Amino acid sequence: QEDPMTRPFPRLPAGFRFGSATAAYQVEGAWDVDGKGPSIWDEFTHRGGTVRHGHTGDVANDFYHRYAEDVATVAAGGVHDHRFSISWPRVVPAGTGEVNAAGLDFYDRVVDALLTAGVQPVPTLYHWDLPLALQEQGGWFARATADAFAEYVAHVVDRLGDRVGTWLTMNETSVHTLYGHGLTDHAPGLGLGVDAMLAGHHQLLAHARAVEVLRAAGPSRVGIVNQHYPVHAASDDPADVEAAAAFAALTVWAFSDPVLAGRYPEGVAEPLADAVAAHGGDLAADLVRIAAPLDVYGVNYYEPTMIEAPRAGKDYRGVLEVDVPEGLPFSPVPYPSAERTDFGWSIAPEGLTRALVELRDRYPTLPPVVVTENGASFHDGPPDAEGRVRDPRRIAFLAAHLHAVEDAVTAGVDVRGYYVWSAVDNFEWAAGYDESFGLVHVDRDTLVRTPKDSWAWLRDVVAAQDA
Ligand code: IFM
């Protein structure tokens, strides 16, 4: 394979948008400041024993107070867009009802700071931080949570809609559903196995309700963000091929087919229809709403997956960082990549091209795509004696993945943008602060920020592209 560092800077279509991304709980801190209500992540991290070293997002990067510095750094890095998320419990502390004016004021300041610095704000309306009060009323298992979401979105759009051109409703409903509701790795940590799919459906219903609110509010671009990865069978054995297809249906297509094709994959639809009906809904009617046309589809890509049919007597515990419950018809096994990130994830840029091409082939009405997250955790260490954080592996990773986007564009996929995860080192969920995806280093004791070499590299890529 060609060395990404010696290939020229990727040339992407005119108007291609570079960006960087973060999410509220991972950077804001100020978890109980100025009227913010608790979220399920506040409760989960405070529960203890849930996150490495007992880390929490109580302070995180203190973006709530230091946003001006971070916005200035993002802007100096030359990106066109900055994706961040709005914390529902900061805006509506109990999830429904009373609005916290200080919360809306904060996002108003962030949006204005970005625009003044020449960066387009691209807010995500939900990145996993459900108001705790709603969890206590059933969380995503309650249909009413979708109504509460629409109410919250209306407040946000009313305040920011005059300045925000692109809205993203939800981040990775698949990960939130499977890791937080199916498994116990993320908040709310329910461990319900496949019964979690109802929580996923109600998130998609909430997405649909948000799209309706946004459309009624006036013209803007609206989209949703999902995680996508190619799923490879470990061998040509039909049992492995079948297992891979079942895994892809449950973890990928069950979250994009409803939005992009108005259906659920076979095997998922039937039990879900019963569960939805038991909660007073009608699956077919919901799907019509969920499939309303979008202007943009956000793809988050990190690594491909490899699946085998469970081998009798083989112990899969500890094979990957997340243990999949026994009794399922598939077992994830490591993807055989030559290199891995320091988080242990495969480095496989060709998987991004493949994921994008698969989407185009599966959905005839796929809207223009933006890669809304891609990046890698490398343990860069603190600034050196010259004050530099040298992260050549991240630069190589990003270069290779940008070339993978270029390859997808050449193959005819309409990709309009690429956002790096993340603008800045932050709280990496169950891994706490052990993992660092940022273009900017954050000293955990002082919260001093230092742009890494990759930040300057990306700035030069964007400048070359715009020249
Ligand atoms: O940090 C997360 C982000 O919140 C959602 N997408 C994947 C990232 C890396 O794990």
Side-chain angles (χ1 to χ4, degrees), residues 1 4 21 23 26 171-179 182-183 185-186 225-235 240 243-245 247-256 298-308 316 318-324 330-359 369-380 391 393-408 413 415 418-422 426 428-431 434-439 454:
Q1 201 178 337
Q26 295 178 272
N171 180 70
E172 297 176 359
T173 52
S174 57
V175 176
H176 192 39
T177 301
L178 299 168
Y179 283 57
L183 307 172
D185 299 75
H186 283 187
V225 172
N226 264 314
Q227 195 170 127
H228 282 272
Y229 39 81
V231 179
H232 299 270
S235 78
D240 286 344
F247 183 84
L250 191 69
T251 72
V252 182
W253 308 128
F255 299 89
S256 55
V299 171
N300 293 355
Y301 170 77
Y302 288 91
E303 59 170 348
T305 302
M306 182 156 275
I307 297 296
E308 65 184 27
Y316 289 92
V319 168
L320 290 173
E321 80 255 27
V322 169
D323 286 336
V324 171
F330 43 71
S331 292
V333 290
Y335 181 80
S337 59
E339 288 177 283
R340 295 186 172 271
T341 71
D342 288 345
F343 205 171
W345 295 1
S346 313
I347 301 181
E350 68 283 1
L352 175 53
T353 311
R354 183 162 169 161
L356 293 168
V357 169
E358 273 183 357
L359 276 167
V369 168
V370 171
V371 176
T372 36
E373 282 183 29
N374 177 239
S377 171
F378 291 111
H379 302 166
D380 310 303
D391 58 342
R393 291 185 294 162
R394 181 170 293 99
I395 293 173
F397 180 99
L398 296 176
H401 285 76
L402 268 175
H403 285 299
V405 173
E406 201 182 15
D407 292 345
V413 187
V415 189
Y418 173 90
Y419 300 171
V420 174
W421 184 271
S422 173
N426 60 52
E428 178 51 27
W429 309 114
D434 275 3
E435 302 301 336
S436 40
F437 284 81
L439 296 167
S454 56

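What you see is a predicted model, and the numbers here were worked out from it, not measured in a lab. The figures here come from the full heavy-atom set of this structure, side chains too, leaving out hydrogens, waters and symmetry mates.
With hydrogens and angles ignored, the 3.5 Å screen pairs a side-chain donor or acceptor of Thr341 with a backbone N or O of Phe343. Of the possible polar contacts, none joining the Asp407 side chain to the Thr353 backbone as a donor-acceptor pair under 3.5 Å is found.
Among all heavy-atom pairs drawn from Val231 and Ala248, the shortest one is CG2-CB, 3.8 Å. Taking every heavy atom of both residues into account, Asn226 and Ser174 meet most closely at OD1-N, 4.1 Å. When all heavy atoms of Ser346 and Ser337 are compared, the pair lying nearest together is CB-OG, 3.1 Å. Residues Pro332 and Phe247 share a closest heavy-atom pair of CG-CE1, 4.0 Å. The two atoms that bring Ala243 and Phe330 nearest to each other are O-CB, 3.7 Å, heavy atoms only. Here the closest non-hydrogen pair linking Glu308 and Val333 is CD-CG1, 3.6 Å.
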- What do the steps show when you test Thr372 against Asn300 for side chain to side chain donor-acceptor pair (under 3.5 Å), and what is the final call? CA-CA 5 Å; Thr372 36; Asn300 293 355; 2.7 Å; yes
- Would Asp342 and Arg393 satisfy side chain to side chain contact (heavy atoms under 4.5 Å, CB included), going step by step from the backbone distance to the final call? CA-CA 10 Å; Asp342 288 345; Arg393 291 185 294 162; 2.8 Å; yes
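Atom OG in Ser422 sits 13.5 Å away from atom CD in Glu435 (nearest 0.5 Å). The line from OH of Tyr302 to CZ of Phe437 is 6.0 Å long, rounded to the nearest 0.5 Å. Here Arg354 contributes atom CZ and Tyr229 contributes atom OH; the two are 14.0 Å apart, rounded to the nearest 0.5 Å. Expressed to the nearest 0.5 Å, how far CG of Asp185 lies from CG of Leu178 amounts to 10.5 Å. The CD atom of Gln227 sits 14.0 Å away from the NE2 atom of His176 when rounded to the nearest 0.5 Å. Note that CG of Asn426 and CD of Glu428 are 7.0 Å apart. Values are rounded to the nearest 0.5 Å.
The environment of CZ in Phe397 is crowded: more than 12 heavy-atom neighbours from other residues, nucleotides or ligands sit within 6.0 Å.
The shortest distance between side-chain heavy atoms of Pro304 and His232 falls below 4.5 Å. At a threshold of 4.5 Å between non-hydrogen side-chain atoms, the residues Leu398 and Tyr418 count as touching. Residues Leu352 and Leu356 meet the side-chain proximity criterion, which asks for heavy atoms closer than 4.5 Å. Taking the side chain as every heavy atom from C-beta outward, Leu359 and Val413 never approach each other to under 4.5 Å. The shortest distance between side-chain heavy atoms of Asp380 and Arg394 falls below 4.5 Å. Counting heavy atoms from C-beta on, the side chains of Pro230 and Tyr301 come closer than 4.5 Å. Residues Glu373 and Glu172 form a side-chain contact, since some pair of their non-hydrogen atoms from C-beta on lies under 4.5 Å apart. The closest side-chain heavy-atom distance from Tyr419 to Val225 is not below 4.5 Å.
Under the rule for a ring-ring contact (aromatic ring centres under 6.0 Å, His included), Phe378 has no partner lying at least two apart in sequence or in another chain.
Using the six-membered ring where Trp is involved, His228 and Trp253 have ring planes that are tilted, between 30° and 60° apart.
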